[in-house]
Amino acid sequence: MGPSFFIFNIIISLALTLVNGDAGLIQKTCKTTKYYDLCVSSLKSDPTSANSDTKGLAMIMVGVGMANATATSTLLSSQLLTTKNDTIMRKVLKECSDKYAHAADALQASVQDFDSELYDYVYMHIMAAADYPNACHNAFRRYPRLVYPQQIQRREDGLKHICDVVLGIVDHLAS
């Protein structure tokens with residue numbers, strides 16, 4: 001086994017680390033959260049996790065939450081186009097789209113507070129982001145004839161779980 005075999009092994013090891021992230025830090029960080037599997041899979045799927053510290057991992061999860069909230073807001077807005085004759089459904093879909101946009105805004109606001117290490121404010125913004133989908137769900141409840149779509153329920157649960165992961169990491173950072 002010559003030097004080329006040794007160099008080849010180092011290159012393969014580095015490539016695996018870049019693809020899988022810092023598995024040790026990711027696992028350690030995710031163990032502090034409520035949704036370990038969601039945390040690990042989300043972080044390992046992001047190539048920037050390989051070079052991130054714990055705060056960087058939290059920021060990656062904030063980005064995952066922003067993507068979820070923005071995609072949900074966009075989906076709800078697109079459904080407005082297909083419900084032209086139902087004014088109540090249009091009103092509720094518009095309200096829901098706005099709430100998910102506010103959730104994305106709250107997550108974005110947490111980024112500045114992360115940078116300043118103002119974890120109380122980070123926590124407040126993340127909690128707000130997790131709560132905005134409740135307003136959407138409640139909007140559907142106000143009109144008994146409307147059924148809360150399963151697709152939106154899954155997205156609501158997903159956003160809440162993502163926010164719970166971020167909150168677990170924030171708790172770890174603040175301690």
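For reference, positions follow the sequence shown, starting with 1.
- Salt bridge annotation for Arg90-Glu95: absent, with no cationic side-chain nitrogen under 4.0 angstrom from a carboxylate oxygen.
- For the residue pair Glu156/Tyr148, the side-chain donor-acceptor check at 3.5 Å is satisfied.
- Residues Tyr143 and Met89 form no side-chain contact, since every pair of their non-hydrogen atoms from C-beta on lies 4.5 Å or further apart.
- Although no hydrogens or angles enter the test, the distance criterion places no donor-acceptor pair under 3.5 Å between the side chain of Thr32 and the main chain of His172.
- In summary, the side chains of His161 and Tyr35 do present a donor paired with an acceptor at a separation below 3.5 Å, with no hydrogens or angles considered.
- Hydrophobic clustering (side-chain heavy atoms under 4.5 Å, transitive across Ile, Leu, Val, Met, Phe, Trp, Tyr) groups Tyr100 together with Met127.
- Around the CD atom of Gln153, the shell of radius 6.0 Å holds more than 12 heavy atoms that belong to other residues, nucleotides or ligands.
- The shortest side-chain heavy-atom distance between Val165 and Tyr36 does not fall under the 4.5 Å cut-off.
- With Thr83 contributing its side chain and Gln79 its backbone, the two residues share a donor-acceptor pair below 3.5 Å.
- Looking at heavy atoms from C-beta onward, Leu57 lies in side-chain contact with Ser49 at the 4.5 angstrom threshold.
- From Ile169, atom CD1 reaches atom SG of Cys30 across 6.0 Å, with rounding to the nearest 0.5 Å.
- Counting heavy-atom neighbours within 6.0 Å of Lys91 NZ, excluding the residue itself, gives a total of 12 or less.
- Linking Ile, Leu, Val, Met, Phe, Trp and Tyr residues whenever their side-chain heavy atoms come within less than 4.5 Å places Ile152 and Leu146 in a single cluster.
- Salt-bridge annotation for Asp98 and Lys94: present, with a side-chain N of the basic residue lying under 4.0 Å from a carboxylate O of the acidic one.
- Using modelled atom types, one side-chain atom of Thr74 and one backbone atom of Thr70 make a donor-acceptor pair closer than 3.5 Å.
- Note on Asp105 versus Lys99: no salt bridge recorded, every NZ/NE/NH1/NH2 to OD/OE distance being 4.0 Å or above.
- Asn134 and Lys160 share a donor-acceptor pair across their side chains, judged by distance under 3.5 Å alone.
- Side-chain heavy atoms closer than 4.5 Å link hydrophobic residues (I, L, V, M, F, W, Y) into clusters, and following such links, possibly through other members, connects Val62 to Val170.
- In the hydrophobic clustering of ILVMFWY residues, with side-chain heavy atoms under 4.5 Å counting as a link, Met66 and Met124 come out apart.
- Looking at heavy atoms from C-beta onward, Pro133 lies out of side-chain contact with Asp157 at the 4.5 angstrom threshold.
- Judged by distance alone, the side chain of Ser97 and the main-chain N or O of Leu93 form no donor-acceptor pair under 3.5 Å.
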